[in-house]
> 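Just dropping this structure here.
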Amino acid sequence: MTQIPAQLGAPVTPAPSALRAVVTGASSGIGAATVRALRRAGWDVVAAARRVDRLEALAEETGAVPMVLDVTDQVSVAAFAAEVAAAGPVHALVNNAGGAFGTERVAEARTEDWDWMYNVNVLGSLRMTRALLPALRDGGQGSVLFLTSTAALAAYEGGAGYCGVKAAQESMARSLRLEEAEHNIRVIEVSPGMVHTEEFSLNRLGGDQGAADKVYEGVAHPLTADDVADAVAFTLNAPHHMNIDQLVLRPLAQAANHKVLRSPQ
């Protein structure tokens, strides 16, 4: 793959006393909302994603440091991690980059969709965690957060691929927690249910806006990106001796993955 330049703006120069977080997938949805929530809480934030224009707009709005990153490209990840680590310790990594493609049953599943989901959600989180662990250890109180899903907790028809990648991330988080506790690194999993964002269902359903709208049709108050971002910030802002292993959140209308209350249209 072609290497892409990491940094967009001025050199990474966090305030000496501030905690510093890296948020992947920061150009939209939960990632962008998490950047805003952490900045409000006083964190220095490196906002990482592929879409330059969105990163620049978010940086102007929040004061975050925008850096281009492709979590599916090891060259990009290595260059990014080296530049971030050169500026000093990292105190939190939010593995948010990910998504879903397709709702086909296993018999009709497209291998390329599964390849994409595993490469971004699972291997992307692995690449980033592995690359930034030295800087997280140097920080003295590191946290690695995986943004998974209630899809990891229960299977459903047409969800084998997405449920599988989120379950794999959950397994990675549980192993990492055992491995890194001795380095004073917390490992946190935030697992949202139905979240209405601008792109998740639209991407999953191949750009069909009508089909994406039907996912949320009749659901009173699905979660928003801000709801999830606030939960992420809550776990990271907790006293460092407290490890919130897993935080599951759903809208009240979603009693379980298979039970969603919908009002008549």
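These numbers were taken from a predicted model, which means no experiment stands behind them.
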> A side-chain contact here means heavy atoms from C-beta on lying under 4.5 Å apart; do Leu136 and His183 qualify?
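Heavy-atom side-chain distance check fails, nothing below 4.5 Å.
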> Is a salt bridge present between Asp73 and Arg50, judged by a nitrogen-to-oxygen distance below 4.0 Å?
no
> Determine, step by step, whether Met128 and Val144 satisfy the side-chain contact (heavy atoms from CB on, under 4.5 Å) criterion, reporting the C-alpha distance in whole Å, the side-chain angles of both residues, the deciding distance to 0.1 Å, and the verdict.
CA-CA 10 Å; Met128 289 302 299; Val144 179; over 6 Å; no
> Considering all heavy atoms of both residues, which atom of Ala225 and which atom of Val195 are nearest to each other, and what is their separation?
N-CG1, 3.9 Å
> Looking at Asn96 and Val23, would you say the former's side chain and the latter's main chain have a donor-acceptor pair under 3.5 Å?
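No; zero donor-acceptor contacts below 3.5 Å.
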> Would you say the side-chain atoms of Thr235 pair up with the backbone N or O of Val232, donor to acceptor, closer than 3.5 Å?
yes
> Between the main-chain N or O of Asp227 and the side-chain N or O of Thr224, is there a donor-acceptor pair closer than 3.5 Å?
yes
> Spell out, as yes or no, whether a donor-acceptor pair under 3.5 Å connects the side chain of Arg36 to the backbone of Glu61.
no
> So does Glu217 get a backbone contact from the side chain of Arg262, meaning a donor-acceptor N/O pair under 3.5 Å?
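Side chain of Arg262 to backbone of Glu217: a pair is present.
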> Quickly, which of Tyr162, Tyr118, Trp116 forms a ring pair (Phe, Tyr, Trp, His ring centres under 6.0 Å) with Phe101? Name it, please.
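Answer to the ring pair (Phe, Tyr, Trp, His ring centres under 6.0 Å) test with Phe101 among Tyr162, Tyr118, Trp116: Trp116.
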> Are any non-hydrogen side-chain atoms of Glu170 and Arg174 less than 4.5 angstrom apart?
yes
> Can you name the nearest heavy-atom pair linking Gly102 to Asp113, along with the distance?
CA-OD2, 4.2 Å
> Checking the side chain of His91 only, and the main-chain atoms of Arg20 only, is there a donor and an acceptor separated by less than 3.5 Å?
yes
> Less than 4.5 Å apart, side chain to side chain, heavy atoms only: is that true for Ser28 and Arg51?
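Result yes, sub-4.5 Å side-chain heavy-atom pair found.
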> About how many Å separate CD of Glu179 and CE of Met172, when rounded to the nearest 0.5 Å?
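It is 10.5 Å, given to the nearest 0.5 Å.
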> How far apart are the closest heavy atoms of Ala173 and Val187, and which atoms are they?
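Result for this residue pair: O-CG1, 3.3 Å.
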> Following the transitive rule for hydrophobic clusters with a side-chain heavy-atom cut-off under 4.5 Å over Ile, Leu, Val, Met, Phe, Trp and Tyr, establish whether Val248 and Leu145 coincide in one cluster.
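No, Val248 does not connect to Leu145 through the hydrophobic network.
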> Evaluate the side-chain proximity of Asn184 to His240: yes if any heavy-atom separation is below 4.5 Å, no if none is.
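Counting from C-beta outward, His240 and Asn184 do come under 4.5 Å.
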> Taking Ser27 for the side chain and Ala49 for the main chain, is one N or O donor matched with an acceptor at less than 3.5 Å?
no
> How long is the straight-line distance from CG of Asn243 back to CZ of Arg177, given to the nearest 0.5 Å?
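One finds 5.5 Å between CZ of Arg177 and CG of Asn243.
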> What pairs with Asn257 under side-chain hydrogen bond (donor to acceptor under 3.5 Å, both in side chains), at least two apart in sequence or on another chain?
Thr150, Arg250
> If I take atom CG from residue Asp70 and atom OG from residue Ser76, how far apart are they, to the nearest 0.5 angstrom?
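Here the interatomic distance stands at 5.5 Å.
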> Between the main-chain N or O of Trp114 and the side-chain N or O of Arg110, is there a donor-acceptor pair closer than 3.5 Å?
no
> Going through the distances and angles, do Asn121 and Gln169 end up as a side-chain contact (heavy atoms from CB on, under 4.5 Å)?
CA-CA 7 Å; Asn121 292 274; Gln169 281 186 298; 4.2 Å; yes
> Looking at Arg186 and Ala92, would you say the former's side chain and the latter's main chain have a donor-acceptor pair under 3.5 Å?
no
> Ignoring hydrogens and angles, state whether a donor on the side chain of Thr148 or Glu189 is under 3.5 Å from an acceptor on the partner side chain.
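Indeed, the side chains of Thr148 and Glu189 share at least one donor-acceptor pair under 3.5 Å.
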> Would a hydrophobic clustering, with Ile, Leu, Val, Met, Phe, Trp and Tyr connected at side-chain separations under 4.5 Å, put Leu153 with Ile30?
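Unlinked, Leu153 and Ile30 end up in two clusters.
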> For Glu157, look at atom CD and say whether over 12 heavy atoms of other residues, nucleotides or ligands are found less than 6.0 Å away.
no
> Take Leu133 and Ile185 through the test side-chain contact (heavy atoms from CB on, under 4.5 Å) and record every step on the way to the result.
CA-CA 9 Å; Leu133 270 177; Ile185 291 179; 3.8 Å; yes
> Kindly give the heavy-atom pair with the smallest separation between Ala253 and Ala220, and that separation in Å.
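Smallest interatomic distance, heavy atoms only, reads CB-O, 3.9 Å.
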> So, for Pro192 and Leu223, which heavy atoms are closest and what is the spacing to 0.1 Å?
CB-CD1, 4.4 Å
> Decide whether Leu261 and Met194 are clustered together by the hydrophobic rule: side chain heavy atoms of Ile, Leu, Val, Met, Phe, Trp, Tyr closer than 4.5 Å, transitively.
no
> How long is the span from the CG atom in Asn95 to the OG1 atom in Thr129, to the nearest 0.5 Å?
4.0 Å
> When rounded to the nearest 0.5 angstrom, what is the spacing between CG in Leu38 and CG in Asp230?
10.0 Å
> Is there a continuous path of hydrophobic side-chain contacts, each under 4.5 Å between heavy atoms, that joins Met242 to Leu178?
no
> Can you find a heavy atom in the side chain of Gln254 that is under 4.5 Å from one in the side chain of Val219?
no
> Does atom CG of Leu252 have more than 12 heavy-atom neighbours, drawn from other residues, nucleotides or ligands, at distances under 6.0 Å?
no
> Examine the side chains of Asn119 and Arg127 and answer whether a donor and an acceptor come within less than 3.5 Å of each other.
yes
> Does any part of the side chain of Leu132, heavy atoms only, come nearer than 4.5 Å to the side chain of Val22, both counted from C-beta?
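They are in side-chain contact.
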> Check whether any side-chain heavy atom of Val65 sits under 4.5 Å from a side-chain heavy atom of Asp44, and report yes or no.
no
> Test side-chain contact (heavy atoms from CB on, under 4.5 Å) on Leu19 and Gln141 and set out the steps.
CA-CA 10 Å; Leu19 296 176; Gln141 56 170 66; 3.6 Å; yes
> To the nearest 0.5 angstrom, please state how far the CG atom of Leu236 sits from the CH2 atom of Trp43.
5.0 Å
> How about Val122 and Leu126: do any of their side-chain heavy atoms sit closer than 4.5 Å?
no
> Locate the shortest heavy-atom distance separating Ala135 from Ala85; write the atom from each residue and the value.
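Taking every non-hydrogen atom into account, CB-CB, 4.1 Å.
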> Considering residues, nucleotides and ligands other than Glu60, do more than 12 of their heavy atoms fall under 6.0 Å from its CD?
no
